[in-house]
Protein chains: 4
Amino acid sequence: MSHSIAIIGASGYTGAELIRLLATHPAFEIAALAANSKAGQPLAAVFPHLRHLDLPDLVTWEEIDFDGIDLCFCALPHKTSQEVISKLPRTVKIVDLSADFRLRDPVAYEAWYGNPHAAPEMQDEAVYGLTEFYRDRIRAARLVAGTGCNAATGQYILRPLIAGGLIDLDEIILDLQCGVSGAGRSLKENLLHAELSEGTNAYAVGGTHRHLGEFDQEFSALAGRPVQIQFTPHLGPFNRGILATAYVQGEAKAIHAALAETYAAEPFVQVLPMGETPSTHHVRGSNFCHLGVVADRRAGRAIVVAALDNLTKGSSGQALQNANLMLGLDETAGLMLAPCFP
Amino acid sequence: MSHSIAIIGASGYTGAELIRLLATHPAFEIAALAANSKAGQPLAAVFPHLRHLDLPDLVTWEEIDFDGIDLCFCALPHKTSQEVISKLPRTVKIVDLSADFRLRDPVAYEAWYGNPHAAPEMQDEAVYGLTEFYRDRIRAARLVAGTGCNAATGQYILRPLIAGGLIDLDEIILDLQCGVSGAGRSLKENLLHAELSEGTNAYAVGGTHRHLGEFDQEFSALAGRPVQIQFTPHLGPFNRGILATAYVQGEAKAIHAALAETYAAEPFVQVLPMGETPSTHHVRGSNFCHLGVVADRRAGRAIVVAALDNLTKGSSGQALQNANLMLGLDETAGLMLAPCFP
Amino acid sequence: MSHSIAIIGASGYTGAELIRLLATHPAFEIAALAANSKAGQPLAAVFPHLRHLDLPDLVTWEEIDFDGIDLCFCALPHKTSQEVISKLPRTVKIVDLSADFRLRDPVAYEAWYGNPHAAPEMQDEAVYGLTEFYRDRIRAARLVAGTGCNAATGQYILRPLIAGGLIDLDEIILDLQCGVSGAGRSLKENLLHAELSEGTNAYAVGGTHRHLGEFDQEFSALAGRPVQIQFTPHLGPFNRGILATAYVQGEAKAIHAALAETYAAEPFVQVLPMGETPSTHHVRGSNFCHLGVVADRRAGRAIVVAALDNLTKGSSGQALQNANLMLGLDETAGLMLAPCFP
Amino acid sequence: MSHSIAIIGASGYTGAELIRLLATHPAFEIAALAANSKAGQPLAAVFPHLRHLDLPDLVTWEEIDFDGIDLCFCALPHKTSQEVISKLPRTVKIVDLSADFRLRDPVAYEAWYGNPHAAPEMQDEAVYGLTEFYRDRIRAARLVAGTGCNAATGQYILRPLIAGGLIDLDEIILDLQCGVSGAGRSLKENLLHAELSEGTNAYAVGGTHRHLGEFDQEFSALAGRPVQIQFTPHLGPFNRGILATAYVQGEAKAIHAALAETYAAEPFVQVLPMGETPSTHHVRGSNFCHLGVVADRRAGRAIVVAALDNLTKGSSGQALQNANLMLGLDETAGLMLAPCFP
């Protein structure tokens, strides 16, 4: 049986990635694609790589007829997203890929995003979309908030360690490299090939990256006390992929065991043998997350490295995984694509 | 119903690409993976991106039990391939990805490859694997010879023009850029990232590239007279993709019409609207080939550009497309993956 | 003795390249840097890689005091350039890097650029800046028009062949790959890293690229009859470099001899031994142009390949070479930097 | 007055970088180039980008006539280097770019490198080549040991902080990304473009990277007690550049002040304004090191980021800076090349 799907925000990279994944999904059918700035155009004009698909032309989201739509992916910029989503019929299930419903606390939202939330009652309703840890609530949810891509990566490393009481909560450092597509299809000088290829730099240094709002919320809830990690993202000269290197104080073997146990039955999160670390090359274009643990030469310290594809497991793949759950399907439907290497 | 598959030469890039595609194929099951230099290792040691698959460890090809194997992909280097294939049981269907059975004429083979052919009787038997043009013979074949990746790209452009008598046969120039994976996983100085990224160069200039053997064979047969094109490949700083730019003397509109008609019903070859040209970005990781035609400012001359992924449509995707035909399946099974952009 | 230099258009890539080269020039001192959209900013805010230089802040060009300025480089967009240059004091020598004074014929200018020329009398005055072929006139010039980067590359190949009557003038094809910086620091979607890395595409196909105006002008003048070449540029995923592959009908040995003789005494143009072809990797960041000739397998046809750095030899290096001549200096002053490999 | 220079190990990347820098050096003349595996070849066969230079062909190091040679750069692999250097005449000054004389303690050397040192008496003699901190001893030295490229980068950040007692010595984390050329011109699968572009991974995780030997030696000496930092290098898909991100516990303002004061008069080390961080793009191809300091949101913690070019400031540029000092020249001679951006 097929479910009818709409995508709002289809002209960005996460929108394109959703369509790529849905192209071979066994039970979803795309009924409407909205992108207000490109309404009226065929999808092939915006994303020529999708020209083989027989899909409806882009429309404005206001033009979508939601009768018969089972689920809507919303891949809009934050702030716009809450405005649009609050106007959608409540009969439609929604997976939001923006930042708008990730933080449950309106005060925290305003502190990190700079504007008061326009739909605070929906913040309460929204379920945080980190599938492996919110699976049951996602199954029952009407509105799921996709996580930040960096936030997902860090949590795959740190949640089991914090929950298990395995590490010093005051000494957590997360150093991360993110590929360019994480910044979206925006026309910024620093995203030009000539400025970005063949080098790297840090950004949002010192604790200003907005995904820290998610880390604070989730880790503090897990620990039952405030937890503030240190987090430095870097912009790498590659299109897809996040590599996160976490420095923690705890026993490496116990850490490895906790990760292995937590993810033993997970279809998408794989823990490498002790002492091995992953590479973003090996998850590119897929919904997999690879985790590795190494003991430091200094006793009681460990390094944990995670790799995933920011557009897939970090965003659109996660969104689809959640949508599968929300519609009662096998969670892996359409998501078992192998990574694209080389 | 599932078919049982073996892959010989599983530790190279075309082997990996076959496994990637088979990972989501509905009717093929991998029964054996051979790579003599890495026999005994788990696949994940050689290709960590495939670690999520539950596959047999690598063995030598001599260790494979071919009872129950329906079809074997052979992704070995040329010369080795003919030696191995001539020893395989004749009950097994074979798709060879090497150059060994592309040329039907033993004299031509020796001229281009420098050694006498070790299995000339099988050269006769082998069917040339350019699916769209040899479909019926492939369906009935026991041994199919996958084409060169550059050779496939050039033929998608030129076969309909030659067959239709639309261009001057003595003035055909094919200028081409190929991604790095086309050179395989070989340890050569010029394939190092430090030598290859951020620049480009021509190679095999002047008519020495071995894929010219295929062009000569196929185009001369089509034209009923000897045809020798000019062909210059370039090595580009990207992993996947071939962009071929053909300069021909003929009417652009007639050329566009011939291409559009030839490929109208083809699932994987798409002809862009007149005046548009394709990009390798938009076929990456997929089995699609995009074609575009532009009239030159000089009357009676046209430029035709083709883009495909050398590892997929140019090699392993083509091989799978042929295997589907040989086993009576839908030709597109496992091959409708959308391109991976960005 | 030091000469005082101004640069107008200092916030673009060719402006930055001029400053990079002038940083170690023995006899030039930068007195003023103009960039109207960034006036008031220190150079390091616009180009952090130049922060070690003790240079004046950016101003508007109208603010420059031209008293005491010996020579002004003008690196503005076309059309703007002619408007600004026509207002500069005639006591200042000018090297223009835009397209505005490359075409001597106002009709041709309007045909290629779409607007009537605002300073047609200066079109007459301007000397075409292809140093090796206009050296004497450049020495005496007040206004020199830098060539297009693709136009320079093609002319290094073709001028000696046309002048020597060595090739069929009606069968010249120039296929070319250009690095991203050739498109400037402009915010366009197709120049984003995510859209451009890991692939390639043709553009301005069919004879519409504006540098054809230069080819037509120069080659027709050389030949004494109209010459129209075919020309297809491609956009490659690298920042610096042009690789041009020319297909000509003539004797390869005679062609090689003509190139070797023409450039025997040239400090920056190097002809490789017969049968070898160059790579952009080996000229990156330098003012050198490498040329190679190969005979095709078809008698009477040759392939000639040229490599240079579009920002250096193709633009700012050429401009500096011309400025050296205009001020009576050694032509190579400040330009002998070795290529930056790897 | 010109000094006569030999380079042993001229066929690797650091050898090529030395030649690139010496090409425009005002007072050094290359008298001999040795590369035993490529002896007899012209330099242009090994490094086509240097073909414009009029240099002697490659010889074996045993063939070099050291009479009249003032200084020899030795760019050999470690272990080979100590064997060769111990046989060179003591009249020649030597700058060694290998790891062989960086560690003063033979026990430490053997622990990190796995073999007993073949010339322990020369370990004593050798001066550690971090110019800014060993300048006076380098001026007087006969043998200078170039530092590890990562080791140099980390020390530019950490030496002033340790010397000034500004940070907790037990909580120092150095996370680093290094470009591919840092691994040299070696034929390894993981250095192929197809394996390395478009992604990243950590390596030598957990305190096993040999440059830790240098950190331990230098930081412990500075602190007057054992100091062991945590250090994780990553391999980035770019050819040149190191970006090091240090996490330290101390006051950011005091840290910034200490760095600014330490490097105030240094020609090559530049401290950015408080709160700004550097990029490897902006030091590429140059001898500059950029440093930036940011306070973390958590009080008493700071992030310090350093960027330099591993082949220049991290290796061959440093070597030349030291050679200038050893021969009584201006330390900056030949080294003021501006970075090559874009």
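So you know, we letter chains A, B, ... as the sequences are listed, proteins then strands, and number each from 1. Side-chain atoms are counted along with the backbone in the values below, which use heavy atoms only and exclude waters and symmetry mates. Note that this is a predicted model, so its numbers are computed, not measured.
Interface summary for chain D: among C/L272, C/L50, C/N239, C/V180, the most heavy-atom pairs under 4.5 angstrom belong to C/L272. Among C/E198, C/R51, C/M336, the residue making the largest number of heavy-atom pairs under 4.5 Å with chain D is C/R51. Options D/H290, D/R185, D/Q270 differ in how many heavy-atom pairs under 4.5 Å they form with chain C, and the most are formed by D/Q270. Ranked by heavy-atom pairs under 4.5 Å with chain C, the first of D/P267, D/C340, D/A23, D/G179 is D/C340.
The backbone N or O of C/P342 lies less than 3.5 Å from a partner atom in the side chain of D/R240, making a donor-acceptor pair. Here the side chain of D/D309 pairs a donor or acceptor atom with the backbone of D/G285 at under 3.5 angstrom.
Using a 4.5 Å cut-off between heavy atoms, C/R20 touches chain D through backbone and side chain atoms alike. Within the 4.5 angstrom heavy-atom criterion, only side-chain atoms of D/H193, from C-beta onward, approach chain C. Within the 4.5 angstrom heavy-atom criterion, no atom of C/S286 approaches chain D. The contact between C/Y13 and chain D is made entirely by side chain atoms (from C-beta outward), counting heavy-atom distances below 4.5 Å. Only the side chain of C/L311 comes within contact range of chain D, with at least one heavy atom under 4.5 Å from a heavy atom of that chain.
Ring pair D/F288/C/H52 is tilted by interplanar angle, where 30° to 60° counts as tilted. Classification of the C/F28-C/H3 ring pair by plane angle, with boundaries at 30° and 60°, yields perpendicular.
Inter-residue side-chain proximity for C/Y156 and C/K313 is flagged as met; some heavy-atom pair is nearer than 4.5 Å. Side-chain atoms of D/F268 and D/T131, non-hydrogen and from C-beta on, never get closer than 4.5 Å to each other.
Under a 4.0 Å N-O distance rule, the pair D/R135/D/E266 qualifies as a salt bridge.
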